[in-house]
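Following: one structure in structure tokens, then a few remarks.
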Amino acid sequence: MVDALGVAVVGFGWMGRVHTQAYARVRHHYPHLPLRPELITVAEEVPGRAEEAAAQFGFASTTRDWREVAADPRVRAVSITAPNFLHREIGVAMAEAGKHLWIEKPVGLTAEDARAVADAVAKAGVRSAVGFNYRNAPAVEKARDLITAGEIGTVTHARVRLFSDYAAHPEGALTWRYERERGGSGVLGDLASHGVDLARYLLGDITSLTADTAVFVPERARPTGATAGHSRASGGELGPVENEDYVNCLLRFASGARGVLEACRVSVGEQNSYGFEVHGTKGAVFWDFRRMNELGISRGTTYQDQPVSTVYVGPGDGEFGAFQPGAANAMGYDDLKVVEAYRFLRSIAEDKTYGATLTDAVHSATALDAMTRSAETGAWVELPQAAGML
């Protein structure tokens, strides 16, 4: 018996489309999932965009007001893919209305925002999922298993990088992403939030950090109409970029390991250059998102001049087997979102946590707030969870 689960998507930019496609595909890859997502409604304030989504994907209804979604008894689960500054208001309202939440990172603009949504979810007793999709890559899960099993010895240090050029063009439009009030901490919330989650997922809690930030493109032209994605604008009135283009951060982990996290949205020549290097006393693991299905592994007893082997993930590694029958068959970005949808729906069906949740979002947002404070003061900042205050 497969139960229908009414779902809604709030905000239909690129990420809203990705969530919708994941709902459409999830039972193709997980046919035994006891829930069948049914697309009830899509909420989008840009005129015509919701109607286009309904025509393409088959939503039963559309609205320009997300509050109608909260009041709709047909909807039991909601994807929140609206801009960051709306996450707290929408997330709290949906939880209070008894809806399960699949919400994109960074879940608001601050740790306070993320905590407010997490508290509302806990009080309502609903399930949550957060869009930390890179931890869903089978190679990342394999790396975590190797680290946990001690295959590279005791972890000594790690580096996490997230470089992109999506904001590198000087004609990139001055959208909400570049405003402090609506876009929060810029590249910290957009990319470094993923970096913090990967670091915690692989190596455990971060206890303290120190960070430096910079804005490299200080002015951009204001758009004259609705924008989607990373649009360009030229000839418009120039306005200031209020939040960060770049961050680098030194990390200390509860395990005693050290780390470096670096993120930039204006890296010319870098397209989605995301990955990590984790070094231990007996070896190392390396992962590059652009070669998502490969893992570099060095292990043994040679130490000096020890070679690195390229391993292709396959069935038995993470969720790979739900997509491909044999190693070295490629998975892609959208597949990671299907995994995320599966874990969200499974959490609802079994009333048990699978995948990243709002607790992970609070941890990530707490680290981002600490980075901002450190960049302002030049000092090391102890994270609240290290003192038992999270």
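Bear in mind that the values here come from a model prediction, so they are computed numbers and not experimental data.
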Show your working on side chain to side chain donor-acceptor pair (under 3.5 Å) between T281 and Y303 and close with a plain yes or no.
-> CA-CA 8 Å; T281 54; Y303 300 101; over 6 Å; no
What about the rings of H279 and F286, do their centers lie closer together than 6.0 Å?
-> yes
Residues R373, E382; criterion salt bridge (Lys or Arg N to Asp or Glu O under 4.0 Å); working and verdict | CA-CA 11 Å; R373 293 198 303 276; E382 183 179 357; over 6 Å; no
Side chains of I80 and W66: does their closest heavy-atom pair fall under 4.5 Å?
-> no
For R67 and E89, what are the C-alpha separation, side-chain angles and deciding distance, and is it a salt bridge (Lys or Arg N to Asp or Glu O under 4.0 Å)?
-> CA-CA 10 Å; R67 294 168 185 82; E89 181 183 11; 3.3 Å; yes
Could you verify whether a donor N or O on one side chain and an acceptor N or O on the other, from R161 and S273, lie under 3.5 Å apart?
-> yes
Distance in Å, S374 OG paired with D369 CG, rounded so as to fall on 0.5 Å steps | 12.5 Å
Give a yes/no verdict on a cation-pi contact between R290 and Y274, requiring under 6.0 Å between NZ or CZ and the six-membered ring centre and an angle within 45° of the axis.
-> no
Sort out for me which residue in E319, R346, R343 forms a side-chain hydrogen bond (donor to acceptor under 3.5 Å, both in side chains) with Y30.
-> E319
Does a side-chain heavy-atom distance below 4.5 Å link F85 with L109?
-> yes
Does a sphere of radius 6.0 Å around CZ in R258 hold more than 12 heavy atoms from other residues, nucleotides or ligands, not counting ones at 6.0 Å or beyond?
-> yes
Taking the six-membered ring of W102 as reference, does the NZ or CZ atom of R127 fall below 6.0 Å from its centre and within a 45° cone about the axis?
-> no
Could you note down all residue pairs passing side-chain hydrogen bond (donor to acceptor under 3.5 Å, both in side chains) where residues 33-47 supplies at least one of them, sequence neighbours left out?
-> T41-S61
Stepwise side chain to side chain contact (heavy atoms under 4.5 Å, CB included) test for F59 and V9 | CA-CA 9 Å; F59 286 96; V9 176; 3.9 Å; yes
Does a donor on one side chain sit under 3.5 Å from an acceptor on the other, for T310 and E294?
-> no
Can you check whether L261 reaches V196 side chain to side chain, under 4.5 Å on heavy atoms?
-> yes
Taking side-chain contact (heavy atoms from CB on, under 4.5 Å) as the test, write out the residues that go with N133, two or more places apart.
-> N136, H194, Y333, L336, K337, E340
For atom CD of E112, decide whether the heavy atoms of other residues, nucleotides or ligands shown that lie under 6.0 angstrom number more than 12.
-> no
Student check: side-chain heavy atoms of S255 and V155 closer than 4.5 Å | no
So, do L209 and L251 sit near enough that their side-chain heavy atoms are less than 4.5 Å apart?
-> yes
Report yes or no: do I348 and Y342 belong to one cluster of Ile/Leu/Val/Met/Phe/Trp/Tyr joined by side chain heavy-atom distances under 4.5 Å?
-> yes
Under-4.0 Å salt bridge between D334 and R25 | no
Verify the cluster assignment for V160 and V260: are they in a single hydrophobic cluster under the rule of side-chain heavy atoms below 4.5 Å apart?
-> no
Around Y354, counting heavy atoms of other residues, nucleotides and ligands shown, do more than 12 lie under 6.0 Å from its OH?
-> yes
Could you give all pairs that pass the ring pair (Phe, Tyr, Trp, His ring centres under 6.0 Å) test and reach residues 244-270, with sequence neighbours left out?
-> F216-Y246
Are W14 and L191 linked, directly or through other ILVMFWY residues, by side chains that come within less than 4.5 angstrom of each other?
-> yes
Under 6.0 Å from the six-membered ring centre of Y166 and within 45° of its axis: does the NZ or CZ of R265 meet both?
-> no
